*Asks:* 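Would you mind keeping the following structure in view while I ask a few things?
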Amino acid sequence: MRFFIFLLLGVLFLALQTTVLPALPSWMGAPDLLFLLIVFLAIHLKAWPGVLLVVLFGIGSEVVSGYFLGLYTVAYLLVFFIVKGLAVHFDLTALNHQPPLVVLSYLFANAFIYLASFMLADENAVPWAWGAILQRVLILTILVVPFSRLFLALMVWCDRRHRTYSLFSRKRGNYYKARV
Amino acid sequence: MAYERRKKKSNPVKRFFLVATLAALAVTAVVTTVGRKEFGLSHRLVFEALGPAQSVFARATEAVTGLWRHYLDLVGVSEENDRLRQEIKRYIAINAEYREAVATNVRLNQLLDLAHSLEQPVLTAHVIGRDPALWFKTITIDKGISAGVEKGMPVVTVEGVVGQVINVSPRFAKVLLATDPNSAVDAILQTSRALGIIKGNGQGYRMDYVLREKEVAKDDLVVTSGMGGVFPKGLLVGRISEVGKDKRGMFHTITVQPAVDFRELEYVTIILKANSLAE
């Protein structure tokens, strides 16, 4: 249930980021909502479903953005495993830890994509744009807490629905029959 | 008994090998895609799945921005006459829809004129997505292999050169804009006939390899030379906005202002091959 809800949410974010958000005035930037979701999944989801979702989101990002394939998938997977590794030692579920975590991982992912594209075609490099990237980081910093709350609420709702369904399914058949 | 059977199934050694094999396959699959430019099966499937969602959102965005633009236009008029204000408000939505339809009609007519002026068959496509990244400039269009679109086909509008198709799936295609640093277009200066190559720099273009002995001036028009075999000859690329003052080196340092406003792209024309499916 969680898997499919987050998959749908990721597809929605990708569609929004390539259609609605670029139409906003430039001072609003283009918030990378999918990245917020990936960081959240790294903290809260188990490794396997998380990795599968991140790979799907990476492929999704590649088909709508960029020239070389594979960069987004690898960048997102690296972010996923680094955050997952950090989550073992630190309590990253606390909301006050989220803004610095998202800022650092966003800068890391962008630096990775930039450097990888530079290495694949060094004569075609576009200059690193500190202004634009800081604007996006600022927007993500503002959005991270409300969106984390939203994702958390969605996850709790999924778990509750899942529990209700499992209770129903347990009652099927002769529930009170003695088990041998 | 049932418990033993279940225990047998979840043999930890077997499970470890299964998970390790799957992980190795997944890592190999991901790593081997790095740096590739051709879409594989997974990319095509995801593109096909994402395309319809983008299409819906793109149309919704256009409708909303159209309404907003026309609403802003009419605010000044409504202030002139208080008596008509209520009526104007009532008609804003309808009016905006009509204006949008007329604007679309005009644009499509212009594209049709462009189609008549080109020798090759052409196809009009709707822009349904834009690249959200800072480092790349691409768009997604709603025509793919089934409409005869192929990798490498040039994409233009009435204003000029837009870019080139880089990836295709059955119903959608990705276009590398001419402003992307990975794009290169063979071009010529209209007045001095100096040849060069237009390269994207993220925002606009720079024109490389124009010999210093050639006369170059601000506001000179840059058109496609037709030499690369991709773009037909004579399509407008842009206008020279700056010529570098550096006297060293063999070539001029030229900055070119694109003829196309890439932020306003809604419809584009794909120039097909003579034997294309859509002909």
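Note on naming: letters A, B, ... go to the chains in the order of the sequence lines (proteins, then strands), and numbering restarts at 1 for each one. As the structure is a computational prediction, the values presented were derived from the model and not from experiment.
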*Asks:* Among A/Tyr72, A/Tyr114, A/Trp48, A/Phe68, which residue has the highest count of heavy-atom pairs closer than 4.5 Å to chain B?
*Replies:*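 Answer, by heavy-atom pair count under 4.5 Å with chain B: A/Phe68.
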*Asks:* Examine whether an atom of B/Asn201 lies under 4.5 Å from a heavy atom of chain A, and if so say whether it belongs to the side chain, the backbone or both; otherwise answer neither.
*Replies:*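 When you check distances to chain A, only backbone atoms of B/Asn201 fall under 4.5 Å.
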*Asks:* Counting only heavy atoms not in A/Phe90 (residues, nucleotides, ligands), do more than 12 fall under 6.0 Å from its CZ?
*Replies:*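 No, the 6.0 Å shell around CZ holds no more than 12 heavy atoms from other groups.
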*Asks:* Go through the atoms of A/Ile59 and report whether side chain, backbone, both or neither lie under 4.5 Å from a heavy atom of chain B.
*Replies:*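 Contact with chain B is through both the backbone and side chain of A/Ile59.
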*Asks:* Got B/Lys174 and A/Val63 here, is their nearest side-chain heavy-atom distance under 4.5 Å?
*Replies:*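 B/Lys174 vs A/Val63: side chains apart.
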*Asks:* Output, in order, the C-alpha distance, side-chain angles, deciding distance and verdict of side chain to side chain contact (heavy atoms under 4.5 Å, CB included) for B/Trp135 and A/Ser65.
*Replies:* CA-CA 9 Å; B/Trp135 321 117; A/Ser65 168; over 6 Å; no
*Asks:* Is any side-chain heavy atom of B/Gln54 closer than 4.5 Å to a side-chain heavy atom of A/Val64?
*Replies:*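 They are in side-chain contact.
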*Asks:* Knowing that exactly one of A/Leu24, A/Leu16, A/Thr19, A/Leu21 qualifies, which makes a side-chain contact (heavy atoms from CB on, under 4.5 Å) with B/Thr61?
*Replies:*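 Only one option passes, and that is A/Thr19.
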*Asks:* Kindly compute the distance separating CZ (B/Phe57) from CD (A/Gln17), expressed to the nearest 0.5 Å.
*Replies:*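 Result: 11.5 Å between the selected atoms.
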*Asks:* Does atom CZ (B/Phe17) have a neighbourhood of more than 12 heavy atoms from anything else shown, all under 6.0 Å?
*Replies:*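 Check fails, neighbour count at 12 or below.
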*Asks:* Of all the heavy-atom pairs spanning A/Gly66 and B/Thr138, show the shortest one and how long it is.
*Replies:*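 Closest approach of A/Gly66 to B/Thr138: O-CG2, 3.7 Å.
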*Asks:* Report which part of B/Arg59 has an atom under 4.5 Å of a heavy atom belonging to chain A: side chain, backbone, both, or neither.
*Replies:*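 Contact with chain A involves no heavy atom of B/Arg59 at all.
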*Asks:* Which residue out of B/Leu134, B/Thr140, B/Ile139 racks up the most heavy-atom pairs below 4.5 Å with chain A?
*Replies:*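 Highest number of pairs under 4.5 Å: B/Leu134.
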*Asks:* I need the B/Asp131 CG to A/Thr18 OG1 distance, nearest 0.5 Å.
*Replies:*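 These two atoms lie 9.0 Å from each other.
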*Asks:* Counting only non-hydrogen atoms closer than 4.5 Å, does A/Leu77 touch chain B with its backbone (N, CA, C, O), its side chain (CB onward), both, or neither?
*Replies:*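 Only the side chain of A/Leu77 comes within 4.5 Å of chain B.
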*Asks:* Find the one option among B/Pro132, B/Ser169, B/Gly129 whose heavy-atom pairs under 4.5 Å with chain A are most numerous.
*Replies:*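 Among B/Pro132, B/Ser169, B/Gly129, the one with the most close pairs to chain A is B/Pro132.
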*Asks:* What part of B/Glu38 lies closer than 4.5 angstrom to a heavy atom of chain A: side chain, backbone, both or neither?
*Replies:*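 Backbone of B/Glu38 only, per the 4.5 Å heavy-atom cut-off to chain A.
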*Asks:* With a 4.5 angstrom heavy-atom cut-off, is it the side chain or the backbone of A/Ala132 that approaches chain B, or both, or neither?
*Replies:*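 Answer is both: backbone and side chain atoms of A/Ala132 are under 4.5 Å from chain B.
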*Asks:* Heavy-atom pairs under 4.5 Å with chain A: which of B/Ser42, B/Gly202, B/Ala133, B/Ser183 has the most?
*Replies:*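 Looking at each of B/Ser42, B/Gly202, B/Ala133, B/Ser183 in turn, B/Ala133 comes out on top.
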*Asks:* I'd like to check A/Tyr67 versus B/Pro181 (side-chain heavy atoms, cut-off strictly below 4.5 Å). Are they in contact?
*Replies:*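 The answer is no, as the side chains (C-beta and beyond) never meet within the 4.5 Å cut-off.
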*Asks:* Counting only heavy atoms closer than 4.5 Å, note whether A/Asp32 contacts chain B via side chain, backbone, both or neither.
*Replies:*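 Contact with chain B is absent: no heavy atom of A/Asp32 under 4.5 Å.
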*Asks:* Is A/Trp128 in contact with chain B via its backbone, its side chain, both, or neither, using a 4.5 Å heavy-atom distance?
*Replies:*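 Both parts, backbone and side chain.
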*Asks:* Which bit of B/Leu45 comes within less than 4.5 Å of chain A, counting heavy atoms only: side chain, backbone, both or neither?
*Replies:*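 Interface part for B/Leu45: neither.
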*Asks:* Has B/Tyr209 got more than 12 heavy atoms of other residues, nucleotides or ligands less than 6.0 Å from its OH?
*Replies:*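 No, because the 6.0 Å sphere around OH of B/Tyr209 holds 12 heavy atoms or fewer from other groups.
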